[in-house]
Amino acid sequence: MKCTHVILATVGLAACAPAGSGHELPSHASVPVTTRIEGVSSAYEVTTHTTDPSARHVVDVAPDLAWKLVPLVYAELELPGAVLDPRGRMFGFERERMRRKVGDAPLTKIVNCGTGVTGPNALTYVVTLDVVTLVSPVAAGSSAIETRVQGFAKPRSVSGNPVRCATTGALELYIAERIRALAAKV
């Protein structure tokens, strides 16, 4: 069996700040990577999307205020969450089975778990995620909002191996921008 990796192209998408009363997640740049697996009589191609690994966004919000706003943002998006480390200002959840939407956005806006014959796996597989947000001081009156999103998806009705889900970067950006917007109202 021969395995070949091909990087296709970088597609730059403008990341938008959240708008309106809904909780829409912005698009984020990604790089499609196609893996071709060749057998004796057939070949398969799987395309996944890697993203900018940076999930750190600096906002002009004092760390204490930003820390208080993180649970509100999770609640707006109907995400579970708890204080994981109060001293380290870490909030989020681990190994949580996700619904098909986060806020007003389909799960496919948050993670890419590959694509099957019926479409994006994030829509048809059982998706389990870890989402953790860390607030840390950067400079006087500014905070770094760092969110990590990782997980996997498993087929619902058939046996099969789990597939790793890659973040699109949209949730990380949304959380930081929403903290900025809520802080401006305080």
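Note that the structure is a prediction, hence the values are computed from the model and not measured.
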Quiz item: Are Phe91 and Leu72 linked, directly or through other ILVMFWY residues, by side chains that come within less than 4.5 angstrom of each other?
Solution: yes
Quiz prompt | In one Ile/Leu/Val/Met/Phe/Trp/Tyr side-chain cluster, 4.5 Å: Tyr125, Met98 | solution = no
Heavy atoms, side chains only, cut-off 4.5 Å: are [X] and [Y] in contact?
X: Thr133; Y: Met90; value: no
X: Val131; Y: Tyr74; value: yes
X: Arg89; Y: Pro63; value: yes
X: Glu172; Y: Thr167; value: yes

Is a donor on one side and an acceptor on the other found under 3.5 Å between the side chain of [X] and the backbone of [Y]?
X: Arg178; Y: Leu173; answer: no
X: Asn121; Y: Cys113; answer: yes
X: Asp130; Y: Arg95; answer: yes
X: Ser143; Y: Val61; answer: yes

Practice problem: Would you please say whether a donor-acceptor pair under 3.5 Å links the side chains of Glu96 and Thr128? | Solution: no
Quiz item: Do Thr147 and Tyr174 have side-chain N/O donor and acceptor atoms under 3.5 Å apart?
Solution: no
Quiz item: Just how far is it from atom CZ of Arg97 to atom CG of Leu129, taken to the nearest 0.5 Å?
Solution: 12.5 Å
Closest heavy-atom contact between [X] and [Y]?
X: Ala122; Y: Val111; result: CB-O, 4.1 Å
X: Pro120; Y: Thr108; result: CB-CG2, 3.7 Å
X: Gly88; Y: Leu134; result: O-CD1, 2.7 Å

Quiz item: Looking at Lys109 and Asp104, does any basic side-chain N land under 4.0 Å from a carboxylate oxygen?
Solution: no
Quiz item: Do NZ/NE/NH1/NH2 and the carboxylate oxygens of Glu78 and Arg99 come within less than 4.0 Å?
Solution: yes
